[in-house]
**Q** 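Mind having a look at this structure? Questions to follow.
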Amino acid sequence: DMAQAVEPEQLRWLPKHGSATWIFDGLDEFYAGDNDFFAFLDAELADPGSQAQILISTRDSLLTSNAAMRGFLERQMQRGAAVEVYELAPWGPKAWEEIAWLELERGRDAAKGSKRVVQFVSALQASPTLADLARLPFYCIVMLDAYRVGMGLPNDELELLQSIVDCMVEREHG
């Protein structure tokens, strides 16, 4: 009952004085559609005495496809700001095996290298297209779900891609 909206000036004051950290996660569409966003962040971070901390978590594709994001990072680095870029290691056979073990065998120690886990990973490795798709965790989970239900992966890669698109649409509408 006592809560009220935070005014923009209050929202700016908190990080500037080290009382908050702004965290942005996966807002690729927002970055792409707002040309003033990075200029605003530049100004907030360049303000003398600012203790602002900003964490931006996004897909690696944004770094290669969005000039505004790249420009923001370059400007921050040129002025000597404490900027760090971390990249997650790509998903590969070890991650596929781990997720398959957790999902198919419920993480039971005795089933660590089970036949089902090995078959799933082998099926991904047997197809360059499937292996490439499985490097994205969401796609890998979709394929794992298909494997779990039908005990195999679709032979038709277009059918698999359609199921991935269907899952994405379902996820977004859910």
Side-chain angles (χ1 to χ4, degrees), residues 15 20-34 37-38 41 45 52-77 81-174:
T21 299
W22 284 341
I23 301 174
F24 300 94
D25 181 27
L27 301 175
D28 298 13
E29 296 81 9
F30 175 72
Y31 301 142
D34 188 342
F37 178 70
F38 290 110
L41 290 182
L45 292 170
Q53 296 182 43
I54 299 170
L55 174 67
I56 300 173
S57 174
T58 189
R59 295 173 187 85
D60 57 352
S61 61
L62 189 66
L63 290 174
T64 57
S65 67
N66 189 290
M69 171 66 98
R70 281 193 317 274
F72 169 73
L73 290 173
E74 290 167 5
R75 288 188 303 278
Q76 293 304 309
M77 287 186 222
V83 174
E84 296 180 43
V85 176
Y86 294 94
E87 292 183 55
L88 296 177
W91 271 48
K94 185 174 180 171
W96 305 336
E97 183 177 345
E98 186 77 14
I99 194 67
W101 170 63
L102 290 170
E103 294 292 323
L104 297 174
E105 304 296 350
R106 299 178 190 209
R108 293 178 295 123
D109 286 335
K112 187 85 170 165
S114 76
K115 182 178 178 182
R116 293 177 359 152
V117 169
V118 170
Q119 285 177 336
F120 175 72
V121 173
S122 295
L124 294 179
Q125 291 175 315
S127 166
T129 301
L130 297 182
D132 194 40
L133 288 171
R135 295 198 184 289
L136 295 173
F138 178 75
Y139 293 179
C140 185
I141 294 295
V142 170
M143 289 187 275
L144 183 57
D145 288 343
Y147 176 81
R148 181 188 352 238
V149 172
M151 291 311 296
L153 293 173
N155 292 330
D156 182 1
E157 292 165 351
L158 291 177
E159 178 185 335
L160 177 60
L161 288 172
Q162 183 62 53
S163 69
I164 288 172
V165 169
D166 291 344
C167 288
M168 291 172 79
V169 169
E170 182 180 319
R171 178 186 68 180
E172 293 302 315
H173 288 285

**Q** Does some side-chain heavy atom of Glu84 sit less than 4.5 Å from a side-chain heavy atom of Met77?
**A**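 The answer is no; the side chains never approach within 4.5 Å.
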
**Q** To the nearest 0.5 Å, tell me how far Arg148 CZ sits from Ile141 CD1.
**A**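 Taking CZ in Arg148 and CD1 in Ile141, the distance rounds to 8.0 Å.
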
**Q** Take Phe72 and Leu45 through the side-chain contact (heavy atoms from CB on, under 4.5 Å) test and state the conclusion after the steps.
**A** CA-CA 11 Å; Phe72 169 73; Leu45 292 170; 3.9 Å; yes

**Q** Go through the steps to decide whether Glu105 and Lys115 satisfy the test salt bridge (Lys or Arg N to Asp or Glu O under 4.0 Å), and finish with yes or no.
**A** CA-CA 10 Å; Glu105 304 296 350; Lys115 182 178 178 182; over 6 Å; no

**Q** Only one of Glu103, Glu97, Lys112 passes side-chain contact (heavy atoms from CB on, under 4.5 Å) with Val117; say which it is.
**A**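 The option that passes is Glu97.
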
**Q** What is the minimum heavy-atom distance between Ala68 and Phe38, and which atoms define it?
**A**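 For Ala68 and Phe38, the tightest heavy-atom pair comes out as CB-CD1, 3.6 Å.
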
**Q** Rounded to the nearest 0.5 Å, how far apart are CD of Glu159 and CD1 of Ile164?
**A**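 Those atoms lie 11.0 Å apart.
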
**Q** Determine the minimum heavy-atom distance between Gln125 and Trp96, stating which atoms define it.
**A**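 Heavy-atom minimum between the residues: CG-CZ3, 3.8 Å.
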
**Q** After noting the C-alpha distance and the side-chain angles of Tyr147 and Leu104, does the key distance pass the side-chain contact (heavy atoms from CB on, under 4.5 Å) rule?
**A** CA-CA 10 Å; Tyr147 176 81; Leu104 297 174; 3.8 Å; yes

**Q** Quick check: are there more than 12 heavy atoms from other residues, nucleotides or ligands sitting under 6.0 Å from CZ of Arg106?
**A**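 No, because the 6.0 Å sphere around CZ of Arg106 holds 12 heavy atoms or fewer from other groups.
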
**Q** Is any side-chain heavy atom of Leu124 less than 4.5 Å from a side-chain heavy atom of Leu133?
**A**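 Leu124 vs Leu133: side chains apart.
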
**Q** With rounding to the nearest 0.5 angstrom, report the CG to CG distance, Leu130 to Leu161.
**A**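 That separation rounds to 9.0 Å.
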
**Q** State, yes or no, whether a side-chain contact exists between Val142 and Ser163 at a heavy-atom distance under 4.5 Å.
**A**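 Val142 reaches Ser163 side chain to side chain.
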
**Q** Roughly how far, to the nearest 0.5 Å, is the SG atom of Cys167 from the CG atom of Asp145?
**A**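 Atom-to-atom, Asp145:CG and Cys167:SG are 7.0 Å apart.
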
**Q** side-chain contact (heavy atoms from CB on, under 4.5 Å), that's the test. Do Phe120 and Arg116 meet it? Break it down for me.
**A** CA-CA 6 Å; Phe120 175 72; Arg116 293 177 359 152; over 6 Å; no

**Q** May I ask you to decide if Arg108's main-chain N or O and Trp101's side chain share a donor-acceptor pair within less than 3.5 Å?
**A**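 Yes: the side chain of Trp101 pairs with the backbone of Arg108.
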
**Q** At their closest point, which heavy atom of Met168 faces which heavy atom of Phe138, and how far apart are they?
**A**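 Scanning both residues, the minimum pair turns out to be CG-CE2, 3.3 Å.
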
**Q** Minimum heavy-atom separation for Ala134 to Cys140, with atom names?
**A**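 Closest approach of Ala134 to Cys140, heavy atoms only: O-CB, 3.6 Å.
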
**Q** Of all residues at least two apart in sequence or in a different chain, which pass the ring pair (Phe, Tyr, Trp, His ring centres under 6.0 Å) check with Tyr139?
**A**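 Scan of Tyr139 (ring pair (Phe, Tyr, Trp, His ring centres under 6.0 Å), adjacent residues dropped) gives none.
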
**Q** What heavy-atom pair brings Pro137 and Arg135 nearest, and what distance separates the two atoms?
**A**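 Shortest heavy-atom contact: CD-O, 3.7 Å.
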
